[in-house]
Amino acid sequence: MINIHKFFKYSLALIVTLVLVFGISMTQRRLDSMIRQHDLFFTGQINNAPPVVTFTTMALGSFRGLIADLLWLRAASLQEDKNYFEMVQLASWITKLQPRFASATAYLAWNMAYNISVTCSLWQDRWYWVWEGIKLIRDEALVYNPDAPRLYWELAVIFQQKMGNVLDNASYYYKARLATEMEAVITAEPKWELWSTMPMDEAAFMKLYPKDDPMWKAANRCGIADYKALNEIFRQESMLPQKFVTALNDLKLAENLDAALRTIWLYDKYRLRAEYINTLNKEYGSMDWRLAEAQAIYWASEGIRVTGHDMQCSRIIATCLQEMVRAGRVLWTQQEGYRYLILAPNLDMVMAAIRTYDWAREEADNLESFRTGKINFMKNASVLLFIFGRFDETKEVYELLKKEDNTVKYPPFKTFLDRELKEIVATATFKQITDIINAFIQNALTASVNDKEEEAATYELMAKKIYADYQSGISSDKERGRRGLAPYNEIRNQVVKDYLEHADPRAAAIIRAKIKSQRAGREEDSRKEDK
């Protein structure tokens with residue numbers, strides 16, 4: 001009887017043990033799956049981590065999770081009460097406590113850039129939160145997780161959607177501010193080929209120009225004691241002091257110093273490497289790096305380079321190249337208040353964009369959405385090329401379109417262009433309408449160069465009419481602030497300026513002479529009226 005009782009007790013204990021072991025096994029499998037899914041492996045000290053991260057990961061051990069949980073609760077409470085002042089610091093602490101939890105950092109950055117930013121009424125406050133979201137991923141999380149594809153994609157998306165798109169009322173403020181602040185660093189005409197050979201930090205700079213280099217003697221004579229002083233002065237003025245350039249008495253050396261200081265500044269502020277930018281320019285065509293789409297392409301490309309194939313990053317590259325064809329050059333920004341931004345197409349990137357759709361589709365196992373996107377892009381690109389007078393390229397793209405979309409019977413070339421242009425004008429976005437206005441103004445200038453003044457006047461009238469129609473369709477001041485155009489005369493002046501800088505010297509000289517003649521005529525008419 002006793003033996004039966006013991007047998008029953010031991011059997012029950014064994015059954016309970018087996019059930020518990022089985023439950024623990026299932027739980028462990030689930031935990032292992034979540035660890036793989038969220039990349040939560042920790043294999044010792046994180047490379048390049050600052051001392052505070054090394055301390056928290058090594059010294060606090062498992063208690064890091066408990067502290068992080070408390071910070072998460074604190075962050076949620078603050079957000080619920082709309083008290084956001086501590087959020088940036090809390091997000092940074094959470095990232096340092098859980099440096100390998102890339103998904104958590106991505107969420108925190110997204111929350112700041114999208115949720116918190118839109119609660120602010122002032123555009124500069126919105127900018128602050130969007131930029132803090134960018135910095136959390138770019139300057140912290142990617143340092144600890146350089147192999148996490150999601151982080152590259154999340155960072156690229158903020159640049160593409162939040163800054164590059166028009167989803168936010170402050171989107172043009174974001175664009176104008178980014179372009180203005182970037183221009184201080186890289187100038188309006190960057191020299192990427194030269195900059196790609198320059199150092200990216202102080203140590204490399206001092207190796208290139210050690211303390212006994214004659215350059216420092218010239219600097220000391222101008223009151224510049226060391227690298228720190230030189231760097232501070234350069235970033236304040238966005239150029240080398242003129243007295244220092246004179247003291248150097250070597251224009252090539254001055255150019256190289258300017259290039260080195262800009263390359264270091266670019267990496268310090270934006271984590272952009274001039275060498276990689278130069279590589280991307282060769283691959284896709286010369287991009288205007290003052291634009292958010294260019295930086296989105298940079299981080300998506302970096303994600304593919306570091307982590308291998310990523311369909312989401314490929315999609316961002318294809319989409320951003322398409323947008324940069326439509327509006328990929330900055331002509332003018334209103335720096336006071338960052339209210340307006342005048343953009344122009346970058347038609348030199350059309351063929352690169354088409355090629356990108358092809359390899360992105362191939363990487364995505366022939367996903368149909370890439371083919372559809374390519375077809376729509378070629379339709380729009382053909383119209384843009386046409387209205388900017390690039391007829392040979394228009395026909396080339398049209399032939400590629402018919403070959404790609406071979407299940408559809410396309411009308412004759414001119415009929416197709418007329419139909420597409422009408423559809424675009426009827427449903428035009430800010431970027432598209434700006435492209436069309438810029439194109440007609442440029443066509444007017446080209447006609448004027450060839451003494452076709454009546455044709456030039458027609459193009460000018462078309463530009464004014466499209467401008468007026470678009471502006472009249474904006475119903476409120478709020479909408480005007482979100483997607484309204486800069487004053488027409490300002491747009492025209494900037495297009496003319498851009499035309500004079502890039503046109504054939506003979507054509508530029510003709511336009512300058514006509515502008516001078518028109519100005520003299522207006523002054524003469526004004527004098528007659530005064531009499």
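Along the sequence shown, the residues carry numbers beginning at 1.
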**OP:** Flag yes if more than 12 heavy atoms outside Glu189 fall under 6.0 Å of its CD atom; otherwise flag no.
**Re:** no

Cation-pi check, [X] to [Y]: give yes when NZ or CZ is under 6.0 Å from the six-membered ring centre and within 45° of the ring axis, no otherwise.
X	Y	value
Lys162	Tyr114	yes
Lys374	Phe377	no
Arg355	Tyr284	no

From [X] [atom1] over to [Y] [atom2], what is the distance, rounded to the nearest 0.5 angstrom?
X	Y	atom1	atom2	value
Gln295	Cys320	CD	SG	11.0 Å
Glu293	Asn346	CD	CG	11.5 Å
Leu261	Glu202	CG	CD	11.0 Å
Thr434	Ile342	OG1	CD1	8.5 Å
Leu194	Glu255	CG	CD	5.5 Å

Shortest non-hydrogen separation from [X] to [Y] and the atoms involved:
X	Y	result
Ile116	Thr119	O-OG1, 2.6 Å
Asp226	Ala229	OD1-N, 3.0 Å
Arg273	Arg305	NH2-NH2, 3.5 Å

Would you say the side chains of [X] and [Y] form a donor-acceptor pair under 3.5 Å?
X	Y	answer
Asn281	Trp289	yes
Gln124	Tyr173	no
Gln494	Glu490	yes
Asp201	Tyr267	no

Original post:
Should the ring pair Trp192 and Trp195 be called parallel, tilted or perpendicular, given that the plane angle runs from 0 to 90° and is split at 30 and 60?
Top reply: perpendicular

Original post:
Do the ring planes of Tyr298 and Tyr276 sit parallel (below 30°), tilted (30 to 60°) or perpendicular (above 60°)?
Top reply: perpendicular

Original post:
salt bridge (Lys or Arg N to Asp or Glu O under 4.0 Å) between Glu193 and Lys282: does it pass, once the steps are laid out?
Top reply: CA-CA 10 Å; Glu193 198 70 44; Lys282 290 178 179 178; 3.5 Å; yes

Original post:
Step by step, would you call Leu257 with Phe205 a side-chain contact (heavy atoms from CB on, under 4.5 Å)?
Top reply: CA-CA 9 Å; Leu257 283 172; Phe205 183 91; 3.8 Å; yes

Subject >> Expected output: side-chain Gln471 to main-chain Leu485 donor-acceptor under 3.5 Å >> reply: yes

Assess whether a salt bridge exists between [X] and [Y], defined as any Lys/Arg side-chain N lying under 4.0 Å from an Asp/Glu carboxylate O.
X	Y	value
Asp258	Lys191	no
Arg290	Glu181	no
Arg371	Glu404	yes
Asp348	Arg329	no

Original post:
If we only count heavy atoms from C-beta on, is the Ile137 to Arg150 side-chain gap below 4.5 Å?
Top reply: no

